[in-house]
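Numbering starts at 1 and runs along the sequence shown. On a predicted model such as this, the values are computed, not experimentally measured, just so you know.
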Amino acid sequence: MHRCLQVPEILSLIFLQVEQERGGKKTLAALARTCHVFHDPSLDVLWYEQEDFSALLKCMPSDLWNESKINRYTHRFILKFRRSMVHDDWAKLGKYASRIRVLHLGTQFVVSSATSSITHLTFIDMEVFRVLSIYRPSGALLPNLRHLHWSYSPIEMFPYIHLFPHTNLSALDIWAVAVISDEEQTLFLNRLATASPNLVRLYSAGTISGMGLQHVCRMRYLKDISLSISSLSATDLALLAGLSFLSTLSIYGQQYQDITVQRLRSFCPEPFVSLRHFTIGGLNFDLCTALLLWISSWHLQKLTCDVDRSAHASTVSFEGFIDTVAQSCSQASLSYLRIISSATQPAFPELHVQATLLRPLLAFKNLTAVIIDPPIFIVMDNSILQEMALAWPDLEELSIGLERRSLLGYKVTLQGLIPLVEHCPKLKKLGVVLHATAEVNAEKPANGISFSSVVSLRFARSTITLDRVMEVAAFLSAVFPRVGPCGLSAWDDENAEDLDAGIAEDAGDCQIRDAWREVIRAYPVFATVREQERRQWQKQGHFVVGASSSQLL
């Protein structure tokens, strides 16, 4: 055997690659049985991340457990214990348990990246967890576990999460919302802070109280937090601001109180010294502005603001927030900007502003993603879209005003998309509202330029006429030839699906929706023909003058 294959680190790299291949896990199991040198490195890779906890439990004696179908109508199985545990039952389990670094609990199925096939995972009976908690040996159940994903939603399962935290646990993601009392939640977070003081990542889908937040902030090494707070106050924000290692913060306030710049500064004059990625939700524009003025936003790389869906918005508050972003954030650092409202139908009359209000953002030359969809309709036109294309050459995603329900003021035409093709070579996702009724050059769309990097086009409730369906489909297939099967969409919201010509508020809505559906059906046909033409030209040795090798005719 070559000496290189006797180095565990080299073997680990090789086996990691093997795992990615189709049937990789079976190959690793075979390698573990091949020779002594391969045994431990292959098993370490094989057990590193476990999405099916039953695989570990099945390492115990076969007379201890039983696996059967949940019922005859499903493909899912359930694992139960047949008897009580004894000391010898742990012997083989411990051999593999120490190799697990990442564990998913409560996941119902997994999708293979190699084959896209779905595998339903075995459900673990709650009694199994109860037995494990009673009979487990001293010490941690999984002593080397680093990252726990908890996805069990039944409240009865939540107490058994205490089986897994230990001193070396570094990340905990609680994806399912367990509706537990504030007292139980506080007790859990208190135990977590004691059992896993070195935690660096904490994601919780549930809502925590102010008392629970105090225990979270006891974990001084936290770098990545995602939390929903029942009532967000300046005191809560000041607690979080004191976490000196915190680089990523996502926080959502269901209610908020006492949040002003002056009060925040009085509590903590130098907040979030390490913060790079900041997501704030549940506040209005004025409060988001106050937070940006308070935090050390000069080093922010990603900023997301999800404004309160029920709060009244105004053009003045929105403009003030945009100006604050432009003044507070670094033009060199900020690369991701997302300003949205989760409500698709605001409870107040829809407001309109001109897209020129966004011009202060054009100074951020390193932006790679711009998603702006506030509870205010932004009236775009070709000229401002061209300014954006020139200002943001590294843009990978652009989406503006897709969720607002309005058919007024659409001024971006198909021809207006051309500057993005010319000046943003990295663009992958585009979402704008189009006025797709203007004429285009049908013989040579976009002067022969095409953009094969774009894989997603979203046009929301864009306008179109029935007589231009084929023309629009031809244009899109020429300029954006590589959009995937589900990558082109328009009029795909729930309200559009339910439109009925007899009851629609605007009789033209149904025609516009149906016209876009025809575009979506025709696009892949045009794209296939153009791909065939491109291959034929390549075989004949022809090249497109003035275009890169990835461009199509």
Side-chain angles (χ1 to χ4, degrees), residues 149-151 153 171-180 182 185-186 188-189 192 199 201-217 219 222-243 246-260 263-264 268 271-272 275-295 297 300-313 317-318 321 324-325 336-347 371-375 403:
H149 298 262
W150 182 271
S151 299
S153 55
L172 173 61
D173 294 348
I174 304 176
W175 297 114
V177 180
V179 184
I180 59 177
D182 287 348
Q185 174 201 93
T186 301
F188 163 69
L189 291 172
L192 181 64
L199 209 67
R201 170 185 166 114
L202 177 61
Y203 277 34
S204 177
T207 302
I208 71 171
S209 63
M211 183 61 71
L213 184 62
Q214 292 183 26
H215 291 299
V216 170
C217 293
M219 304 173 217
L222 281 170
K223 296 180 180 180
D224 188 353
I225 299 178
S226 178
L227 299 173
S228 177
I229 311 296
S230 56
S231 182
L232 189 62
S233 66
T235 305
D236 298 328
L237 290 166
L239 276 173
L240 290 166
L243 295 172
L246 192 63
S247 60
T248 301
L249 173 62
S250 298
I251 185 167
Y252 293 83
Q254 296 186 352
Q255 298 178 3
Y256 44 86
Q257 56 183 350
D258 301 330
I259 300 177
T260 63
R263 189 172 179 82
L264 291 167
C268 185
F272 299 114
L275 195 63
R276 298 295 180 267
H277 303 168
F278 184 39
T279 298
I280 182 69
L283 306 186
N284 58 33
F285 278 124
D286 291 332
L287 293 180
C288 291
T289 298
L291 283 182
L292 273 186
L293 292 172
W294 170 56
I295 69 173
S297 54
L300 281 183
Q301 298 169 358
K302 294 184 178 182
L303 174 61
T304 296
C305 175
D306 187 347
V307 298
D308 180 9
R309 66 183 65 190
S310 61
H312 180 76
S317 61
F318 178 55
F321 178 73
T324 301
V325 171
Y336 181 98
L337 179 62
R338 190 166 183 247
I339 306 170
I340 63 170
S341 170
S342 299
T344 56
Q345 293 183 338
I371 301 100
I372 301 179
D373 194 16
E403 300 297 338

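For F188, the ring pair (Phe, Tyr, Trp, His ring centres under 6.0 Å) partners are F158, H162, not counting sequence neighbours. Qualifying ring pair (Phe, Tyr, Trp, His ring centres under 6.0 Å) partners for F285, counting only residues two or more places apart in sequence or in other chains: F318, F321. Under the side-chain hydrogen bond (donor to acceptor under 3.5 Å, both in side chains) criterion, Y336 pairs with no residue, sequence neighbours left out. Residues meeting the side chain to side chain contact (heavy atoms under 4.5 Å, CB included) test with A290, sequence neighbours left out: V261. Partners of D182 according to the salt bridge (charged side-chain N to carboxylate O under 4.0 Å, His left out) rule, which considers only residues two or more places apart in sequence or in another chain, do not exist here. For Q254, the side chain to side chain contact (heavy atoms under 4.5 Å, CB included) partners two or more places apart in sequence, or in a different chain, are T207, S228. In terms of the side-chain hydrogen bond (donor to acceptor under 3.5 Å, both in side chains) criterion, residue partners of S233 (sequence neighbours excluded) are, by chain and number, D236. Annotation: side chain to side chain contact (heavy atoms under 4.5 Å, CB included) contacts of Q214 (sequence neighbours excluded): M211, L239. With sequence neighbours excluded, the residues satisfying side chain to side chain contact (heavy atoms under 4.5 Å, CB included) with T324 are T289, L292, L293, S328. In this structure, the salt bridge (charged side-chain N to carboxylate O under 4.0 Å, His left out) partners of D224, at least two apart in sequence or on a different chain, are R201.
Heavy-atom minimum distance, A241 versus P271: CB-CB, 3.5 Å. Closest heavy-atom contact between L237 and I251: CD2-CD1, 4.5 Å. Of all heavy-atom pairs spanning D308 and N284, the tightest one is CB-N, 4.2 Å. Taking all atoms of both residues into account, the shortest heavy-atom contact from V307 to P375 is CG2-CD, 3.6 Å. Of all heavy-atom pairs between S317 and D286, the closest is CB-OD1, 3.4 Å. When every heavy atom of G212 is checked against every heavy atom of T186, the shortest pair comes out as N-OG1, 4.2 Å.
Annotation: the span from I259 atom CD1 to T235 atom OG1 amounts to 9.5 Å, rounded to 0.5 Å. Distance check: L287 CG to C305 SG gives 10.0 Å after rounding to the nearest 0.5 Å. Note that CD1 of I208 and CD1 of I174 are 10.0 Å apart. Values are rounded to the nearest 0.5 Å. To the nearest 0.5 Å, the span separating OG on S204 from CD1 on I225 amounts to 11.0 Å. Note that the NE2 atom of H277 and the CG atom of L249 stand 12.0 Å from one another [nearest 0.5 Å]. Note that CG of L246 and CZ of R276 are 11.0 Å apart. Values are rounded to the nearest 0.5 Å.
With a 4.5 Å cut-off on side-chain heavy atoms, D373 and S341 do not count as touching. The shortest side-chain heavy-atom distance between L291 and L264 falls under the 4.5 Å cut-off.
W294 contributes a side-chain N or O that, together with a main-chain N or O of C268, makes up a donor-acceptor pair within less than 3.5 Å. A donor-acceptor pair under 3.5 Å is absent between the side-chain atoms of S297 and the main chain of L300, judged by distance alone. Panel note: side chain T279, backbone T304; no donor-acceptor pair is recorded below 3.5 Å. Proximity of a side-chain donor or acceptor of Q185 to a complementary backbone N or O of S209 within less than 3.5 Å is detected.
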